[in-house]
2 protein chains.
Amino acid sequence: MTSFPGTELAKRGGAPDCVQTIELVRDVLARVGDKWTLLTITALASGPLRFTALHEQVAGVSQRMLSQTLRALTRDGLVTRTAYPEVPPRVEYALTPLGRSLSEAVDGLVHWVRSHQGDIARNRDEFDRTPVAKTPRQRL
Amino acid sequence: MTSFPGTELAKRGGAPDCVQTIELVRDVLARVGDKWTLLTITALASGPLRFTALHEQVAGVSQRMLSQTLRALTRDGLVTRTAYPEVPPRVEYALTPLGRSLSEAVDGLVHWVRSHQGDIARNRDEFDRTPVAKTPRQRL
DNA sequence: CGGGATCCATACTGATACTG
DNA sequence: CAGTATCAGTATGGATCCCG
């Protein structure tokens, strides 16, 4: 369960090395978990798309955010950016093998969420409904 | 590759239903990918811990953030909060079965990252080193 | 000891306007 | 078409003080 090599020791001691790994894991998770990345990757999953196509498809994203997201993904080598020197500029984005690889890895989480979203929803619901029990205290 | 039921259709059409799922997936991913969650879960992976213990172990987290993170995790039913009515207050946090389940699911990503961090680092490095070629600009 | 309530600095985001 | 630059509102994280 989330076992990094040396986690046990590092945790109870003072972590020097594995922290780097955790940082990177979180970094990747943060990117994937960011507001537009998952939508963007999903959109590209079925094939290359142009900027405008993505902009329409992701629905809700601003040019700015889409641009940023794509640059970040490109930087990590998860997506390729191909510009064709044509009269009306044309740029296509596509998932790289690495991108697809990550996409598949993410699938695990996706499935987990799909099969446990009920539990989470139920827990949240109960937690929110609970007046003042476990939660220390509160005043209105 | 990140295949949600009906993703293909929804993508090329106009997504109504699966969007909800994606939203929730992103929601969970965002939580896991948030700055302190992964560290916190990892810390709790080897057993229950008190607030202060966590505070020391996670290293760098403020009381506020730790408190928030724990409340969010508790709300989702991923962590339990047990307060013992003793003279010096004592509260223990522990992963729930659901929490461990998620933790295991996250392992997939962890392993992916571990085996591809080299690629990512290399890509970023190259991307950043590239002056101003095709990529409009560099830097985030 | 375990947080809640506040205040403040900064990061992030969206809307808008402007280019090659 | 495919972005970038700018500005303003908002969300986020940390530091601090305080109370049960």
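Below, chains carry the letters A, B, ... as their sequence lines are ordered, and counting in each starts from 1. Values below: all heavy atoms of this structure, side chains included; hydrogens, waters and symmetry mates excluded.
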Reading nucleotides 13-19 of chain C from the 5' end, what letters show protein touch, with B for base, S for backbone sugar-phosphate only, - for no heavy atom under 4.0 Å?
BBB-B--
Would you indicate whether the side-chain heavy atoms of [Y] and [X] approach each other to under 4.5 Å?
X: I41(B); Y: L73(B); value: yes
X: T40(B); Y: V61(B); value: no
X: L102(A); Y: L95(A); value: no
X: V106(A); Y: L109(B); value: yes

Protein-nucleotide distance ([X], atom [atom1]; [N], atom [atom2]), rounded to Å:
X: R50(A); N: dG3(D); atom1: CZ; atom2: P; value: 10 Å
X: L49(B); N: dG3(C); atom1: CG; atom2: P; value: 13 Å
X: E56(A); N: dA2(D); atom1: CD; atom2: C1'; value: 13 Å
X: L66(A); N: dG3(D); atom1: CG; atom2: C1'; value: 10 Å
X: E92(B); N: dC1(C); atom1: CD; atom2: P; value: 15 Å
X: R71(A); N: dC12(C); atom1: CZ; atom2: C1'; value: 15 Å
X: Y84(A); N: dA2(D); atom1: OH; atom2: P; value: 12 Å

Taking only residues two or more places apart in sequence, or in another chain, which ones meet W112(A) in a ring-ring contact (aromatic ring centres under 6.0 Å, His included)?
H116(A)
If you compare every side-chain N and O of S67(A) against the phosphate oxygens of dA2(D) (OP1, OP2), does one of them come in below 4.0 Å?
no
Can you see if the side chain of Y93(B) gets near the phosphate of dC1(C) - specifically, an N or O under 4.0 Å from OP1 or OP2?
no
Assign each of L70(A) and P89(B) to its nearest nucleotide of DNA chain D by heavy atoms, then name whichever residue's nucleotide is nearer the 5' end.
L70(A)
So, using salt bridge (Lys or Arg N to Asp or Glu O under 4.0 Å) as the criterion, who are the partners of R26(A) when residues are at least two apart?
none
